[in-house]
Amino acid sequence: MPIDPTLPYDDNNIFAKILRGEIPSTKVYEDEWAFAFEDINPQAEVHTLVIPKGRYVSWDDFSAKAGAEEIAGFIRAVGKVARDKGLVEPGYRMMANIGAHGGQEVPHLHVHIFGGQFLGPMIAR
């Protein structure tokens, strides 16, 4: 179901439940700002999700409402996960889907990290 990124945060979304430990996940990384875990339906050899611990629907919501320290902490967490997975060389892709046209399916900001293989063109033609 497409997500409207302008709606208020839904505390019952699947990622909120993962953060609360109500739904199991394969944790990759955690600090005070972010939580990273393996995607249950991987689209590449490596497919890890990184989510902020705050209540943000989308990148737009996060960039408008989060404090500078939280934004920096989240971005550093994304970079650390990519480095820890050995993806910096030969490369990787990170993606955040926002809203219906962007294909967002969960109303909690999340960044996909894809790697471990050649990923092809950025958008299928």
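We're numbering straight along the sequence, starting at 1.
- Between the side chains of Ser58 and Asp60, no donor-acceptor pair is found at a separation under 3.5 Å.
- Side-chain contact between Val78 and Met94 is present, with heavy atoms from C-beta onward closer than 4.5 Å.
- Between Thr48 and Asp39, the closest side-chain pair of non-hydrogen atoms is not below 4.5 Å.
- Of the possible donor and acceptor atoms, one in the side chain of Gln104 sits under 3.5 Å from a partner among the backbone N and O of Gly99.
- The one candidate from Phe35, Phe15, Phe37 that meets the ring-ring contact (aromatic ring centres under 6.0 Å, His included) condition with His110 is Phe15.
- Taking hydrophobic clusters as Ile, Leu, Val, Met, Phe, Trp and Tyr residues chained together by side-chain heavy-atom distances below 4.5 Å, Val50 does not share a cluster with Ile18.
- Between the side chains of Asp11 and Tyr9, not a single donor N or O lies within less than 3.5 Å of an accepting N or O.
- A distance of 8.0 Å separates CH2 of Trp59 from CD1 of Ile71, quoted to the nearest 0.5 Å.
- Salt-bridge check for Lys53 with Glu30: passed, with a basic side-chain N closer than 4.0 Å to an acidic carboxylate O.
- The CG atom of Leu109 sits 8.5 Å away from the CG atom of Asp61 when rounded to the nearest 0.5 Å.
- Hydrophobic clustering (ILVMFWY, side-chain heavy atoms < 4.5 Å, transitive): Val28 and Trp33 are in distinct clusters.
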Quiz item: For Glu45 and Lys85, what are the C-alpha separation, side-chain angles and deciding distance, and is it a salt bridge (Lys or Arg N to Asp or Glu O under 4.0 Å)?
Solution: CA-CA 11 Å; Glu45 186 176 314; Lys85 292 203 159 267; over 6 Å; no

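- We find the CG-CZ distance between Asn13 and Arg55 to be 9.5 Å, quoted to the nearest 0.5 Å.
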Quiz prompt | side chain to side chain contact (heavy atoms under 4.5 Å, CB included) between Gln117 and Leu119, intermediate numbers included | solution = CA-CA 6 Å; Gln117 67 187 75; Leu119 297 169; 3.9 Å; yes

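- Under the 3.5 Å distance criterion, the side-chain polar atoms of Arg93 are matched with a main-chain donor or acceptor of Gly120.
- Remark: Glu38 CD to Ile113 CD1 distance equals 9.5 Å, nearest 0.5 Å.
- Atom CD of Glu70 and atom NZ of Lys65 lie 12.0 Å apart (nearest 0.5 Å).
- Note: Ile14 CD1 to Ile40 CD1 = 6.0 Å, rounded to the nearest 0.5 Å.
- Residues Ala96 and Ile98 come closest through the heavy atom pair O-CD1, 3.3 Å.
- Here the closest non-hydrogen pair linking Gly103 and Asn97 is C-CB, 3.8 Å.
- The aromatic rings of Phe74 and Phe62 sit perpendicular, their planes meeting at an angle over 60°, well past the 30° parallel limit.
- Two residues are said to be in side-chain contact when any heavy atoms from C-beta on lie closer than 4.5 Å; Leu49 and Val111 fail this criterion.
- Looking at Leu19 and Ile51, their side chains come closer than 4.5 Å, going by heavy atoms from C-beta outward.
- Tyr56 and His108 have their aromatic ring centers separated by at least 6.0 angstrom.
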